[in-house]
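Below you'll find the structure, written out as structure tokens, and then a few comments.
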Amino acid sequence: MRYWLMKSEPDAYSIDDLARDRVTPWTGVRNYQARNFMRDQMRVGDQAFFYHSNCAEPGIVGIMEVARAAYPDETQFDKSSDYYDPAATRDNPRWVHVDVRFVKKTPLVSLAELRAHPELARMRVLAKGNRLSITPVDPAEWKFITERLM
DNA sequence: GCCAACGTTGGC
DNA sequence: GCCAACGTTGGC
């Protein structure tokens, strides 16, 4: 089983939205690296941190799990969607996503706190200039955060 | 709102 | 295949 960190802007979709929906399709990823993580490495049962980005208090706010393996993102075919991709076809979809299931809300572990711990210094999400919305989390990092910071 | 960093596009 | 221009991300 692998561990992940997945970003969402809370104005668009927050941990409270997931707590209400319980399961949601993680649509709208339009970055090849992030897509490849979902397509090639994510398996049902993998666990992920829910991270609020581009907001007043960026950081980890909850835990979720992969509920369904990657399948084509319907929004790529929808001309009215912001995520419409004219290059994608039903026969040859370009974008896929997993479904995620709510596990729990957690106390906020802020970006500043993540940066404050040397044990977490190598986290991909903390790398300079990182913009990837989905990044792997090492088991040791997951254990440190869940056991020491929550 | 600013802007550094990054990914993508497209002309050549 | 190069790379300048452009658009997006996301912390601050």
Side-chain angles (χ1 to χ4, degrees), chain A residues 2-21 23-42 46-66 69-138 140-142 144-146 148-150:
Chain A
R2 289 186 167 93
Y3 299 99
W4 306 93
L5 182 145
M6 300 169 75
K7 298 180 188 176
S8 182
E9 300 189 12
D11 287 350
Y13 195 83
S14 73
I15 187 66
D16 288 323
D17 292 321
L18 183 61
R20 176 199 64 216
D21 296 341
V23 175
T24 199
W26 203 261
T27 54
V29 171
R30 294 295 181 270
N31 170 281
Y32 290 108
Q33 280 191 73
R35 178 204 66 181
N36 292 350
F37 282 140
M38 289 196 284
R39 185 189 64 192
D40 302 334
Q41 297 192 38
M42 277 193 194
D46 281 6
Q47 292 197 277
F49 291 128
F50 192 120
Y51 180 97
H52 280 173
S53 67
N54 198 19
C55 58
E57 290 190 306
I60 295 166
V61 293
I63 291 175
M64 54 194 178
E65 64 185 14
V66 176
Y71 62 103
D73 185 334
E74 281 300 312
T75 64
Q76 71 193 303
F77 308 123
D78 178 1
K79 284 195 171 69
S80 69
S81 169
D82 287 343
Y83 299 114
Y84 176 64
D85 183 347
T89 64
R90 294 259 172 209
D91 287 342
N92 191 18
R94 177 180 291 191
W95 305 109
V96 299
H97 64 85
V98 299
D99 288 354
V100 293
R101 177 183 296 111
F102 177 78
V103 173
K104 63 179 178 180
K105 293 176 70 169
T106 65
L108 172 72
V109 181
S110 70
L111 177 59
E113 177 154 21
L114 293 173
R115 289 196 191 285
H117 294 282
E119 294 89 342
L120 305 177
R122 297 186 61 194
M123 283 187 79
R124 184 93 171 258
V125 72
L126 302 181
K128 180 184 168 82
N130 171 70
R131 295 190 329 189
L132 261 188
S133 64
I134 298 176
T135 50
V137 174
D138 285 347
E141 295 164 347
W142 180 276
F144 184 87
I145 292 167
T146 54
R148 303 272 305 275
L149 305 184
M150 291 176 170

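When reading the values below, keep in mind they use all heavy atoms of this one structure, side chains included, and skip hydrogens, waters and symmetry mates. By convention in this document, chain letters (A, B, ...) are assigned in the order of the sequence lines, proteins followed by strands, and residues within each chain are numbered from 1.
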I'd like a table of atom pairs between the protein and nucleotides 3-5 of chain B - only N or O on both sides, under 3.5 Å - with the distance next to each one.
from  : atom 1 : to     : atom 2 : distance (Å)
B:dA5 : OP1    : A:K128 : NZ     : 3.0
B:dA5 : N3     : A:R131 : NH1    : 3.4

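Within the structure, salt bridge (charged side-chain N to carboxylate O under 4.0 Å, His left out) contacts touching residues 78-87 of chain A (residues at least two apart or in different chains) are A:D85-A:R94. Applying the salt bridge (charged side-chain N to carboxylate O under 4.0 Å, His left out) definition to pairs two or more places apart or across chains, none involves residues 117-138 of chain A.
Within residues 49-60 of chain A, no residue approaches DNA chain B, by heavy-atom distance under 4.0 Å.
In this structure, A:D85 atom CG and B:dG7 atom P are separated by 18 Å, rounded to whole Å. A:Y32 places its OH atom 15 Å from the C1' atom of B:dC6, with the value rounded to the nearest Å. What separates CD of A:E9 from C1' of C:dC12 is a distance of 15 Å, to the nearest Å. The nearest whole Å value for the distance from the CG atom in A:L108 to the P atom in C:dG11 is 12 Å. Distance OH (A:Y83) to C1' (B:dT8): 17 Å, rounded to an integer number of Å. Rounded to an integer number of Å, the gap from A:E113 CD to C:dG11 P is 16 Å. Spacing between atom CZ of A:R94 and atom C1' of B:dT9 amounts to 11 Å, rounded to whole angstrom units.
Each of A:M38, A:M6, A:M42 was checked for a side chain to side chain contact (heavy atoms under 4.5 Å, CB included) with A:V66, and the lone residue meeting it is A:M42.
Residues satisfying the ring-ring contact (aromatic ring centres under 6.0 Å, His included) test with A:Y71, not counting sequence neighbours, are A:H97.
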task = For A:T75 and A:D73, run side chain to side chain donor-acceptor pair (under 3.5 Å): C-alpha distance rounded to whole Å, both residues' side-chain angles, the deciding distance at 0.1 Å, then the answer.
result = CA-CA 5 Å; A:T75 64; A:D73 185 334; 2.6 Å; yes

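Distance check: A:F49 CZ to A:Y3 OH gives 9.0 Å after rounding to the nearest 0.5 Å.
The side chain of A:N31 lies closest to B:dG7 when the candidates are C:dG10, C:dG11, B:dG7.
Backbone-only contact: A:Q33 has heavy atoms under 4.0 Å from sugar-phosphate atoms and none from a base.
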Got a list of side-chain donor-acceptor pairs under 3.5 Å for residues 50-61 of chain A, not counting sequence neighbours?
from  : atom 1 : to    : atom 2 : distance (Å)
A:H52 : NE2    : A:I15 : N      : 3.1
A:N54 : ND2    : A:E9  : OE1    : 3.4
A:N54 : ND2    : A:E9  : OE2    : 3.3

